[in-house]
Structure formats: structure tokens, C-alpha cells
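Below you'll find the structure, written out as C-alpha cells, and then a few comments.
Residue numbering restarts at 1 for every chain, and letters A, B, ... go by the order of the sequence lines. These values consider heavy atoms only, across backbone and side chains, with no hydrogens, waters or symmetry-generated copies.
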2 protein chains.
Amino acid sequence: MTLSEENYLKAIYHICNHKEGGVSTNSIAEKMDTKASSVTDMIKKLSEKGLVDYKRYKGTALTQEGKLVASNIVRKHRLWEVFLLEKLNFTWDEVHDVAEQLEHIKSEKLTDQLDAFLGFPTRDPHGDPIPDKDGNIKTVTDTLLSTLQKDDRGIIVGVKDSSSSFLKYLDKQEIALGKKIKVLDTEPFDNSMKIKIKKQEIVISNQIASNIYIKKSN
Amino acid sequence: MTLSEENYLKAIYHICNHKEGGVSTNSIAEKMDTKASSVTDMIKKLSEKGLVDYKRYKGTALTQEGKLVASNIVRKHRLWEVFLLEKLNFTWDEVHDVAEQLEHIKSEKLTDQLDAFLGFPTRDPHGDPIPDKDGNIKTVTDTLLSTLQKDDRGIIVGVKDSSSSFLKYLDKQEIALGKKIKVLDTEPFDNSMKIKIKKQEIVISNQIASNIYIKKSN
DNA sequence: TTTAATTTTTAGATAAGTCTAAAAATATAT
DNA sequence: ATATATTTTTAGACTTATCTAAAAATTAAA
Ligand SMILES: [Mn+2]
Ligand SMILES: [Mn+2]
Ligand SMILES: [Mn+2]
Ligand SMILES: [Mn+2]
């Protein structure tokens, strides 16, 4: 299993989680930041190895085995993110890039022991669930903050966008996982909303609100 | 800096530490388990990049910059070995293979924070010194157990051979870093020796004794 | 249902890293 | 000093992963 193969499997895995059914060559190319022709080549190889189901012009899907390999990479990625944040004083906008490297380290013992060392965490620093060894993962059923109505309350449980710039914005506004919020008002014109968080009132754009996951509390 | 380039620099670094002056193409090939022709190609590239001094047929040496890069990889390797042993319940014969992968993770913050997290260790699980950020390293001046005479005493401070099979042998004999030993007798015929360790008397071959570093205590 | 646009695949080229086999340089032995 | 052996380098080939450009299949539009 080469680095490149692993990254392709992971990309397909992530796209699959959003859209059901086959994955298009172009969508993989976009996520991987490569050309479609490169994707076709790689998919053929993964197909030979029994990691994806592929019929030309028809799209690609992970096999059982491919899904297990991919989820294991995601598992490692998220465990390492927890490690970096909890043990090594990284901030939640710094962990992803390093985890992109660490997720490819091959050692089952390492992964298991890391899991135990961290106290078997269920979510990564961005609120995303951590798959178990068999690829089982809590499907995220959280609602987006942008879908809440006036007077709705909830707790922040995750972010959809994990980019460094977005996370830094949240830090600046003191918006963090676990915080209680209440929607004070919504503005129909641009879908911005006024919310109360930590006894402060702030206005956030729809772009922000549609990247924050909430667990509604009433 | 590719994975392959890093491994070549590390190989040259390790050979240099034993032999002074230029390093032969063949010695690099042997350490890297590749062909001499491959080494020549790579050395040319490293030379272009200013990481090694190279004149054809004359041998290779690390430049200041190359030495710094190499020692940083060794630094990471040994820090990770400490981490795996101290925090993740690895045994000292298991840490090396995983550290071979982890040493290539690129993040200065990660290395620094790991160093701090581990309490700034000075030696890895095999007794080898850990270089600092600037490439400074305590040169090992320890003596080999095989050079001791009858009635000499000392403390085990390191191993020369870090192979899994050797380390497992030591575990079986309960020979470990920090243990006090005394040479009870030496056998001139095959250079084996009888030693006292943990109040037990055991006989070890010269091959064993010449792979254990001792700090003489009188 | 033809035609046009889009998506996907193929064909051919390139770069990195490796190999084998042969040539060149250096070292060793008679 | 000359012949022989060893070491090192070059030449050419192969694999993996990528790209561009062109062809083929599919989808959308007229
Ligand atoms: Mn991430
Ligand atoms: Mn994450
Ligand atoms: Mn090691
Ligand atoms: Mn070591």
C-alpha cells in the first residue's frame, strides 16, 4: 500500500460519505488536486487490487476491503489530531497538516496503543467521529447552526470546514466545541444570525453558521 | 527533501561517525541495501543541492548543512523511540522499525513539543545520545564490555547492535541499561566471560560482550 | 433525435529512483 | 612496472506516479 494509493482511498471514502453510490472521476481529481487522467490510472490499479469496484465511464466505489483500509487511515488521522492537541500543545487549526503525514505510519500496535494512551477518544478536535478498528463509525446526524431558528438553543459539537483560517476565526470569536449557544435573531436578507455565546452577543454570516455543527438542546 | 534523500543522508551520517574522512560508495550501498550505481546517482543529486561534498572516485562527505539535516533525522528517530517505549508500552526491540517511519515526519513544532513532552531525554532506549536542534551530540566514549578485565565493574549504558534478535536475547538474560555488572572471569580460548549481574552469574560469548557498552566504575 | 457540451479514458511524455551490464578509474599483487 | 582485481561510474532500461493532448463515451440541449 503506497502513500498515493492510501490518499486516493481516503479521498474516495470521504466523498462516499457525502454522496451515496458511485464516485465520479472528476470529484476524486478535484479532492486530490490532480488531473482526471491520473485518477483513471490509479483507479485501475486499485481495482486490480480489489480495493475499489470500477467499470469504465460508470464511476467508482470502495469494496469492503477498500473501505476498511480507508477508515483505518481516517482513524489514525483523527487519533493523531487528538494526540497533537491534547499532549503536544497544538491548536486545533495546526493539527491537520501534521496528521496528514502521521496517518500513513504503518504499525497496528502503534495505533492501538495511541488509542489507549489517549483514553479511547470518540471524536477528534474538530468534532469528527473516530472510526474503530473494524471501520465502524458514528454517522454524524448533527444539524448545522445555519438551520436553527430564532430562540433555538444548542451546543457546538463540530465543524464542517476544518481549514486553518476558519478555525482561527472561531478562536478569535471564542467559539469552541462544547459551548452553549442561543439564536437571538436571524436576518432573512443575507441569512446572517445574531447568537449568544458565553454571555456575549455576536453576529455571524451564513457562511460561518453553515460550517458549525450543533446538537439542539430543545 | 524526499524520503530517499533523507535516508541517504542518514546513512552517510552514521558511517561518518565511525570512520573519519570520506565515505565510500560501496559502504553507503551496503548500509542502504542498494546497488552502488544507485548510490552514485543519488550522491550527484545531493551534491547539486549542497548537502554533500563529492568528487568522483574520491568519496563523499556531508557538508555542514547536510550534517544538520541528517542529525535532525537521527534526533527525531531517537525521540520517537523514547516516546514509543516510555508512553506506548513498546519494548526496546520493537521501537526501531516504527521510528524508521516516524523520523521522516516534517514539523519542527512536533519535534520540539515531543522533546519537551518526554522531559528532554538525552539518550534513546538503546543508550544512544540524542542530538540537539543544532546537531550537537555527545560523542560516545563508552567502552565495550568485551574490553574489560577480570574483577572490573561497571554499569551498562548502551548497546552497539540494536537488532531485535540481540535485544530479545538481552531481555531473556535480564541484561538491561542501568544494571551493574562485574566481570568474574574471562576465558582466553574463545574470549567468553563470566559476569555477575543482578546477583546472578552468567556466561556470555565474546559476540555478546562486544555489543554492550559499559561505563566503568573503577 | 441529432447535435453540442461534458466527462472519462487512452496515448504518449516526463521525472524520480532503482536495476543490470559494461566501461573507466583506482588499488593491489607479482 | 605491468598485470590483475576491485571500486566506481556511466549507459540504458524499468516502474510508479504524474502531466498534456487527443479520442471515445456519456449526458444535455436543441
Ligand atoms: Mn484533519
Ligand atoms: Mn479533524
Ligand atoms: Mn533505531
Ligand atoms: Mn536507538
Pair B:S24-B:N26, side-chain donor/acceptor within less than 3.5 Å: no
By side chain to side chain contact (heavy atoms under 4.5 Å, CB included) - contacts of A:D132 (at least two apart): A:D134, A:N136
A:E48: partners by salt bridge (Lys or Arg N to Asp or Glu O under 4.0 Å), with sequence neighbours left out: none
All side chain to side chain contact (heavy atoms under 4.5 Å, CB included) counterparts of B:D112, not counting sequence neighbours: B:R75, B:E108, B:K133
Sequence-distant partners of B:F166, ring-ring contact (aromatic ring centres under 6.0 Å, His included), two or more places apart: none
Hey, what are the protein-to-nucleotides 9-12 of chain C N/O distances that come in under 3.5 Å?
unit_1	atom_1	unit_2	atom_2	d
C:dT9	OP1	A:Y54	OH	2.6
C:dT9	OP1	A:Y57	N	3.0
C:dT9	OP2	A:T25	OG1	2.9
C:dT9	OP2	A:T40	OG1	2.9
C:dT10	OP2	A:K44	NZ	2.4

Integer-rounded Å distance: D:dT16 C1' and A:E5 CD: 10 Å
ring-ring contact (aromatic ring centres under 6.0 Å, His included) partners of A:F117, counting only residues at least two apart: none
OP1 or OP2 of D:dT20 under 4.0 Å from side-chain N/O of A:K35: yes
Residues that A:H77 engages under side chain to side chain contact (heavy atoms under 4.5 Å, CB included), provided they are two or more places apart: A:E81, A:H96, A:A99, A:E100, A:E103
Counterpart residues, salt bridge (Lys or Arg N to Asp or Glu O under 4.0 Å), relative to B:K44 (two or more places apart): none
Residue met sooner reading DNA chain D from 5', once A:T34 and B:S24 are mapped to nucleotides: B:S24
Side-chain N,O (A:N26) to OP1/OP2 (C:dT6) below 4.0 Å: no
Dot-bracket notation for DNA chain D, counting Watson-Crick and G-U pairs under 3.5 Å, with | for partners on another strand: ||||||||||||||||||||||||||||||
Partners meeting salt bridge (Lys or Arg N to Asp or Glu O under 4.0 Å) with B:K150 (sequence neighbours left out): none
A:K35: salt bridge (Lys or Arg N to Asp or Glu O under 4.0 Å) partners, not counting sequence neighbours: none
Donor-acceptor pair between A:D171 and A:W92 side chains, under 3.5 angstrom: yes
Whole-Å distance separating the OH atom of A:Y8 from the P atom of D:dT16: 15 Å
Value in whole Å for how far the C1' atom of C:dA16 lies from CE of B:M1: 14 Å
Quick test: give all pairs of protein nitrogen or oxygen and nucleotides 2-4 of chain D nitrogen or oxygen below 3.5 Å, distance rounded to 0.1 Å.
none

